[in-house]
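Numbering of residues begins at 1 and proceeds along the displayed sequence. Just so you know, ligand 1 is whichever comes first in the structure, and atom 1 is the first atom listed for that ligand. The analysis underlying the following values was restricted to heavy atoms, covering all of them including side chains, and did not include hydrogens, waters or symmetry mates.
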Amino acid sequence: MNQIDFPDILKDYGQHHILDHYSRLAPDKQKELYDHTAGLDLDLVFKLHRDRARAGDASSLSVEIKPSLIVPIPRTPEGMGRHAAARSAGESLISADRVAALIVAGGQGVRLGHDKPKGTFPVSPVKNKTLFQLFAEQVRALRARFSSRMPLLIMTSRENHDDTIAFFASHNYFGIDKNDVFFFSQGMLPTITPRGELLLKDDAHLLANPDGHGGSLKALATSGLLTHMIDLGITELFYCQVDNPLVKIADPVFLGYHASAKAECSTKVVRRESIDEKVGVYVSLNGKDTILEYSDFGGRHMRALDEQGEILYWAGNTAIHVLNLAFVKRLNDHGFALPYHCASKTIDKPGPDGTTRPIDVWKFETFVFDAIPLAERTCCMEVDRREEFSPVKNKTGPDSPATARRAMVELHRQWLEEAGISVPSKTKVEISPLFALDKEELAEKLKEKTLSLLEDVYIEEIS
Ligand code: UTP
């Protein structure tokens, strides 16, 4: 191979520094760089760079914003009745093998600073189970409870794909039939400087970043898994992110509301803790349900209060969704429909002498919640933060392993107390998904058992 073979596009876009580097490489390294570059969508990244002024543009915020209609947490007998009906509709979907669960785990997890895939982070308070184990055990329990073949899909990135598969294999897929666990990798996009230069990560690779959690909806199609799921008869995809250990995988109540609204994309939200909480907000924008990132929402709306002095736009994004698969297919039918956002970051770039220097870069990515306004029908449901949302983002402080562990202990303590078992205040509790998926199941099972709560409590039943 010689320089003439190198993608012409690099020349067209003036990437002479990469071509010069390439010309100095030994043939085997040239091939590696060539193959790596050929696998990246350079046309797309240069187009996004050109359009950057429009990408992620907040100008649409001059249009009409209103609170959305949201299914509330039930507090009346009617509300409880609607929830019970939704639960039974959702359970029927699971029993009929129409639901798959997707966990997106392709992120880089920079803030947590765990040098392995984020899902391998040990998080549970007593047994130190990993995030992946907690999710996989829920799927295993659902499959057993509803005699369902519910597939588990894990989206990885090129950077953590092999490690993720090896982790599941070494734990025997946490008891799920391995033929029903699917791994697929999201796309990568070259990272680019504001001046439009590509960068080298090392001798044989361009610097690139995963294309965002929205990339899951593209990679499902490009990997062939979308067609495979549809062929299996799956119609609804439960979606969540790897960093929330409280997530209720394939919650039947949520699935039921989604199905009865004939929604294409549904979302769970929690009340924002304060006007300053940095969370995406679920609103109606020009009559269409939408999630706006806090940075795009604008201080005036973020701080707006209603007549009772409560936060007007209270619905904070949990990143928990159900997507109809025909809708996901439509998003891919004429090129990928989600818009790309540009994140400006400063990174440390290694120089030839081994030292690093800060450099500004742009990373382009898509967000899964941008699917919401593209759906013909949507559904949004409020849930209690203490029961369903405690993401692990940072090493310490807010949204860290410590806050997630505390939230799990508090939740499971609550479940036990509602089942009539009082838990001494310093006792740590953890209830395995293999024993009970929710407080109702726990109460039912504890009718037949007596517990000793002298030590940290861990309850598990192996089937
Ligand atoms: P975050 O935006 O919190 O990113 O992703 P992160 O990678 O976990 O952490 P930082 O920002 O590097 O510290 C939210 C969820 O979306 C997934 C992540 O794995 C996490 O579950 N994600 C994010 C992807 O799967 N792919 C991406 O390209 C980005």
Side-chain angles (χ1 to χ4, degrees), residues 40-41 44-45 48 56 101-121 123 130-132 134-135 152-161 163-164 167 182-191 207-220 222-223 225 237-247 249 267-268 277-280 291 293-295 316-321 323 336 338-348 361-371 389-401 403-404:
L40 294 167
D41 194 341
L44 175 62
V45 87
L48 292 171
L102 164 64
I103 293 156
V104 297
Q108 292 169 309
V110 176
R111 286 168 288 172
L112 184 61
H114 176 59
D115 64 355
K116 303 194 186 71
K118 202 167 181 176
T120 68
F121 188 84
V123 74
T130 60
L131 287 156
F132 278 144
L134 291 175
F135 303 138
L152 171 60
L153 279 53
I154 311 276
M155 185 183 78
T156 64
S157 74
R158 270 197 213 175
E159 288 164 358
N160 65 24
H161 188 75
D163 287 348
T164 303
F167 184 76
F182 299 88
F183 302 89
F184 66 108
S185 221
Q186 71 179 108
M188 302 286 285
L189 277 174
T191 308
L207 187 66
N209 57 272
D211 62 359
H213 39 66
S216 57
L217 305 184
K218 182 177 182 181
L220 268 175
T222 52
S223 64
L225 257 184
L237 182 70
F238 175 86
Y239 167 104
C240 68
Q241 304 188 340
V242 75
D243 53 17
N244 177 14
L246 290 194
V247 75
I249 302 276
T267 306
K268 280 188 173 180
E277 191 188 6
K278 292 183 173 172
V279 64
I291 287 178
E293 272 290 49
Y294 63 88
S295 48
N317 183 20
T318 60
I320 301 169
H321 301 283
L323 294 131
F336 189 48
L338 298 195
Y340 284 83
H341 298 253
C342 176
S344 300
K345 303 255 159 136
T346 304
I347 57 163
D348 283 329
V361 294
W362 288 354
K363 293 181 175 188
F364 290 101
E365 49 185 15
T366 57
F367 299 153
V368 72
F369 55 74
D370 279 329
F389 188 58
S390 186
V392 177
K393 300 281 185 195
N394 308 308
K395 242 188 179 101
T396 54
D399 294 343
S400 64
T403 57

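Between Leu189 and Tyr340, some side-chain heavy-atom pair lies under the 4.5 Å cut-off.
Below 30°, between 30° and 60°, or above 60°: for Phe183 and His161 the angle between ring planes is above 60°, a perpendicular geometry.
Remark: ligand 1 atoms within the under-4.0 Å shell around heavy atoms of Pro210 are 28 (O). Here is the list of ligand 1 atoms found below 4.0 Å of a heavy atom in Met155: 25 (O). For ligand 1, the atoms closer than 4.0 angstrom to any heavy atom of Gln108 are 7 (O), 12 (O).
Evaluated by nearest non-hydrogen atom to atom 5 (O) of ligand 1, the leading choice among Lys395, Lys393, Met188, Glu365 is Lys393. The nearest non-hydrogen atom to atom 2 (O) of ligand 1, considering only Gln186, Arg111, Gln241, comes from Arg111.
Ranking protein heavy atoms by distance to atom 25 (O) of ligand 1, first place goes to Gly106 N, 2.8 Å. Looking from atom 8 (O) of ligand 1 to the surrounding protein, the closest heavy atom is Lys118 NZ, 2.8 Å. Of all protein heavy atoms, the one lying nearest to atom 29 (C) of ligand 1 is His213 N, 3.7 Å. Protein heavy atom at the shortest distance from atom 20 (C) of ligand 1 is Asp243 OD2, 3.9 Å. Gly109 N, 3.6 Å is the protein heavy atom nearest to atom 6 (P) of ligand 1. Looking only at heavy atoms of the protein, atom 12 (O) of ligand 1 is closest to Val110 N, 2.8 Å.
Judged purely by atom type and a 3.5 angstrom limit, Thr366 uses its side chain to pair as donor or acceptor with the backbone of Asp211.
The pair Lys118-Asp243 meets the salt-bridge criterion, since a charged nitrogen lies less than 4.0 angstrom from a carboxylate oxygen.
Taking only nitrogen or oxygen atoms, main chain and side chain alike, Gly107 reaches within less than 3.5 Å of ligand 1. At a 3.5 angstrom cut-off on N or O pairs, Gly212 counts as close to ligand 1.
Results of the side-chain contact (heavy atoms from CB on, under 4.5 Å) test with Cys240 over Thr318, Val104, Ile103 single out Ile103 as the only residue that passes.
At least one heavy atom of Ala105 sits less than 4.0 Å from an atom of ligand 1.
A distance of 6.0 Å or more separates the ring centres of Phe364 and His341.
Closest approach of Ser185 to Ala219, counting heavy atoms only: O-CB, 3.5 Å. Heavy-atom minimum distance, Pro117 versus Asn160: CG-CB, 3.9 Å.
Between Leu217 atom CG and Leu102 atom CG the span is 8.0 Å, to the nearest 0.5 Å.
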